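Chain letters run A, B, ... following the sequence lines, proteins first, then strands; residues in each count from 1. None of the values given here were measured: they were computed from a predicted structure.
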Amino acid sequence: MAGSGMVFWKPGTIAPGSLVDRVPSSSSSTSLASDGRDAVAGGSIAAVYNPNSRLAIAEQRSRLPIAAVRSNILHMLEQYQVLIVVGETGSGKTTQIPQYLHEAGWTAGDRVVACTQPRRVAATSVATRTAEEMGETVGDLVGYSIRFDDVTTPGKTKIKFMTDGLLLREMMATPLLNQYSVIMLDEAHERTIATELLLGLLRKVLRKRPEMRVIVSSATLDAEAFRSHFNLNTDASDPSKDTAAILTVPGRTFPVDVQYLSQPTPDYIKAAVDAVMNIHTEEPAGDVLVFLTGQDEIERAITLLNDRVDALLVDAAAAKRRYQQQQQQHHHGDRGRLAAPPASYMNMRVLPLHGALPFQEQLAAFEAPPRGTRKVVISTNVAEASVTIDGIAYVVDSCHVKLMVYRPDAGHESLMIVPISRASAQQRAGRAGRTRPGKALRLCTESDYCTLLPERSVPEIQRVELAPVLLQLKALGIDNLLHFDFLSPPVTETVARALELLFALGALESNGRLAIPLGIRMAELPIPVMQAKMLLASAELGCSEEIVTIAAMLQVQNLFSSSASNRDASGSDFAASGNAVVDAARSRFGVTEGDHLTLLNVYLAYSQHGVGQHGDKWCGRMNLNPRAMQRAVQIRHQLMRYLTKFGVAIESAFGKHRSRNSQSRNPSDDEATAAAQTIRRCIAAGYFANAARLKPDGSYRSLRYDLDLAIHPSSVLYYQVTQKLHRPLPPPKYVVFHEIVQTTRTFMRDITAIEPEWLLELAPHFYQKPAMQAVGPSSSSVEPGSVSASLLGETWMDNFAVSRKKPRAL
DNA sequence: CTCTCCCT
């Protein structure tokens with residue numbers, strides 16, 4: 001048999017390595033024949049040394065469901081320019097189709113086969129697996145390309161896995177994607193924005209490159225929509241002229257028995273806990289995966305579950321004692337009826353899984369439990385598609401998800417808990433059937449499942465703010481957005497809002513064309529549009545050094561995190577103490593100017609103490625997430641390269657304010673204040689459209705859409721203006737903010753204090769002074785921010801305040 | 001008194 005220690009080589013070539021452990025056997029020679037055939041067809045594998053056993057791989061390859069349609073795929077690609085492959089999970093399409101294409105000669109010459117993935121981990125892991133199957137090292141014949149990690153060799157790499165967003169970026173440099181002979185859009189049914197745009201753009205490219213081929217891998221539900229999107233045949237009566245076709249490949253997963261509640265539940269967290277306990281006491285061994293919507297729900301469920309397990313163990317111990325006593329009495333001649341021996345239960349290990357967890361704690365959810373222990377992973381949506389946990393036999397699904405939805409009527413995003421789609425529910429249930437038959441319980445009634453859940457999820461492009469998307473399209477030469485072939489057209493009002501913003505930022509001319517060079521540069525920068533504007537404005541304000549750092553820091557999430565040990569040490573209540581630790585960590589770097597300068601502080605401290613030998617320890621003490629910081633460093637380098645490309649000098653705000661003699665010493669307080677002011681002005685230059693003014697009641701009002709806003713509790717300003725400080729500071733009169741998120745209230749996140757005059761100076765096209773100034777001193781003699789709102793009342797403030805000009809119709 | 005999840 002082909003053990004994993006065996007070594008095989010292609011017949012007719014010189015075998016590499018030592019002969020010591022090479023034991024020919026009859027079974028290996030038969031399989032070598034089929035193996036050899038593939039290798040010859042590939043034409044590029046010279047000698048093969050594969051410690052993972054090339055033979056076993058060849059057998060596995062030929063057994064995959066997709067292998068049965070290998071020749072169909074290759075033949076259909078001769079006839080049709082676009083092929084929709086409907087392949088259920090486990091069909092092997094992702095790893096096999098690129099290999100088939102390579103073997104069939106689609107990579108001859110300089111040509112490359114590309115396969116896009118919605119996620120970075122998928123691109124890397126699938127590349128690794130494909131390379132292994134081909135007996136290659138990743139980066140040679142098979143490579144991958146994701147942001148900050150390009151593992152390909154130009155001229156040598158023939159099969160390239162990449163994120164969909166990166167291929168979209170490549171189109172800016174090479175609009176016809178000339179190096180690629182075939183592009184496979186994998187997981188297209190997920191409808192990420194990048195895939196959505198690629199679908200529209202490739203339709204154009206295919207007309208100009210008749211020799212090119214596109215493969216779209218999709219779930220059943222969307223296949224016909226993809227086919228008609230790409231089919232250029234207008235004559236429905238003559239299918240022989242079709243240019244796109246659908247091919248269905250069976251999947252290979254195990255059956256999952258799906259069950260529903262008999263009654264709807266008012267509390268799916270409690271229902272989930274009941275369900276897990278039921279599985280634990282009634283069902284055979286096998287791990288459980290529970291889908292809830294967020295961190296707080298997960299922590300609540302964990303507490304409830306651990307209590308229930310404790311109670312169960314106490315009960316079981318008591319039952320065992322009673323039973324033993326009964327048995328003893330029985331032996332002593334008591335003739336009473338004997339109870340059945342009490343059930344003995346496995347141990348249970350309950351683990352959380354969500355994005356805010358430190359990396360080490362995330363890993364715990366993937367570790368196999370000890371023998372005799374049942375693992376229960378309580379997860380957010382990450383476990384639906386982004387990661388796979390081995391050994392799951394039971395799924396408990398709340399049938400809800402937390403979703404960010406842009407609301408054009410309100411002009412901001414909303415983080416809502418909504419029912420999932422039936423497509424999502426199927427995907428979640430499938431997580432129980434990857435290695436053996438499984439069971440799934442949906443925490444809703446079957447009739448609610450059929451009537452209340454939508455068939456499929458709303459594509460991302462229909463629920464996000466569109467400014468970056470439209471800017472990208474403009475930069476790719478799509479001037480008339482109305483004529484672009486969106487598979488799912490975006491919401492008209494969202495388009496209007498986005499164009500309005502792009503115009504206000506100066507990225508678009510009044511005729512709707514991309515402004516040169518500002519619009520092009522903003523499109524090139526891989527950051528949100530307001531930050532791109534801020535970064536480019538820093539060139540004129542002389543603070544690019546600091547702004548590039550702030551821009552990089554704004555890109556990373558979960559900067560602060562508290563490890564389990566921190567939480568345990570600091571208090572009894574799991575969730576609350578963890579938050580307190582994070583709050584304390586944040587306040588350590590906090591400055592009164594707000595979150596952007598706080599982020600700058602964090603970065604400066606990190607670059608002094610957080611790198612090198614004891615760097616991670618320092619991060620641990622500061623409750624900083626080292627991976628997030630490393631990513632910020634990478635992003636900062638990338639942004640620096642863009643600035644260099646644009647010819648922007650790297651200047652420090654401190655350099656500007658420091659006198660010639662004082663280069664060596666630390667800046668004085670005055671100098672620091674002046675530098676901070678320059679930086680805040682620059683922040684306002686990018687974020688001017690997101691400005692808010694303090695009201696007498698202590699809340700804020702946005703200038704653009706007249707919304708009532710609150711400071712998000714993650715902001716240093718929240719910390720400073722509440723009783724958390726020994727002596728709370730007065731809240732700033734005017735602020736700009738990075739984003740609005742509506743959850744329990746409408747919050748501003750990432751906030752910086754500004755002066756209102758800056759809005760008039762930096763964005764005179766956007767803001768005006770009010771015509772009427774009823775009461776109080778003239779605006780030029782008194783700084784508005786210095787006037788106490790509570791003293792003078794809101795009417796005065798309103799009359800005095802800077803206000804938003806009427807938006808210009810586009 | 002808060003943090004679904006991806007991507008350039």
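Residue M404(A) has its side chain nearest to dT4(B) when only dT4(B), dC5(B), dC7(B) are considered. Comparing atom distances between the R631(A) side chain and each of dT8(B), dT4(B), dT2(B) picks out dT8(B) as nearest. Looking at the side chain of K402(A), the nearest of the listed nucleotides dC3(B), dC6(B), dC1(B) is dC3(B). Nearest nucleotide to the side chain of V382(A), out of dC1(B), dC6(B), dT8(B): dC6(B). Closest approach to the R119(A) side chain among dC7(B), dC1(B), dT8(B) is made by dC7(B) (side chain taken as heavy atoms from C-beta onward). Residue I146(A) has its side chain nearest to dT8(B) when only dC1(B), dT8(B), dC6(B) are considered. Comparing dC5(B), dT2(B), dC7(B) by their closest approach to the side chain of R120(A) singles out dC7(B). The side chain of S386(A) sits closest to dC5(B) out of dC1(B), dC5(B), dT8(B). The side chain of Q295(A) has dT4(B) as its nearest neighbour among dT2(B), dT4(B), dC7(B). Each of dT8(B), dC6(B), dC3(B) was ranked by its minimum atom distance to the side chain of Q555(A); first place goes to dT8(B).
Closest-nucleotide positions on DNA chain B for L353(A) and Q638(A) were compared, and the one nearer the 5' end corresponds to L353(A). Map G355(A) and S145(A) each onto its nearest nucleotide of DNA chain B; the residue landing nearer the 5' end is G355(A).
Applying the ring-ring contact (aromatic ring centres under 6.0 Å, His included) criterion to F737(A), with sequence neighbours excluded, gives no partner residue. Under the rule for a ring-ring contact (aromatic ring centres under 6.0 Å, His included), Y180(A) has no partner lying at least two apart in sequence or in another chain. Residues forming a side chain to side chain donor-acceptor pair (under 3.5 Å) with E190(A) (at least two apart in sequence, or on another chain): R119(A). Applying the side chain to side chain donor-acceptor pair (under 3.5 Å) test to T195(A) and every residue at least two apart in sequence or in another chain returns D164(A), T192(A).
The phosphate of dC6(B) (OP1 or OP2) has no side-chain N or O of T163(A) nearer than 4.0 angstrom. One finds no side-chain N or O of S714(A) lying less than 4.0 angstrom from the OP1 or OP2 phosphate oxygen of dC1(B). Between T744(A) and the phosphate of dT2(B), there is a side-chain N or O to OP1/OP2 separation shorter than 4.0 Å.
By the 30° and 60° cut-offs, the orientation of the rings of F484(A) relative to F486(A) is perpendicular. Classification of the H712(A)-F747(A) ring pair by plane angle, with boundaries at 30° and 60°, yields perpendicular.
For the pair R463(A) and Y406(A), the cation-pi test (distance below 6.0 Å, angle within 45°) is failed.
Distance, I461(A) CD1 to dC7(B) P: 18 Å, rounded to whole Å. Between the NE2 atom of H354(A) and the P atom of dT2(B) there is a distance of 16 Å, given to the nearest Å. Taking atom CG of D296(A) as the reference point, atom P of dC3(B) lies 8 Å away to the nearest angstrom. Residue Q742(A) contributes atom CD, which lies 16 Å from atom C1' of dC3(B) at whole-angstrom precision. Nucleotide dT8(B) holds its P atom 12 Å from the CG atom of D150(A), rounded to whole Å. The nearest whole Å value for the distance from the CG atom in L403(A) to the P atom in dC3(B) is 14 Å. Distance CD1 (I417(A)) to P (dC3(B)): 10 Å, rounded to an integer number of Å. Rounded to an integer number of Å, the gap from D164(A) CG to dC5(B) P is 19 Å.
Using modelled atom types, one finds a donor on one side chain and an acceptor on the other under 3.5 Å when comparing Y687(A) with H738(A).
Here Q557(A) lies in heavy-atom contact (under 4.0 Å) with a base. Residue contacts shown for L166(A) are limited to sugar-phosphate atoms, with no base heavy atom under 4.0 Å away.
For the segment residues 184-201 of chain A, the set of residues with a heavy atom within less than 4.0 Å of an atom of DNA chain B is empty.
The salt bridge (charged side-chain N to carboxylate O under 4.0 Å, His left out) analysis of residues 521-533 of chain A, with sequence neighbours excluded, yields the pairs E524(A)-K645(A).
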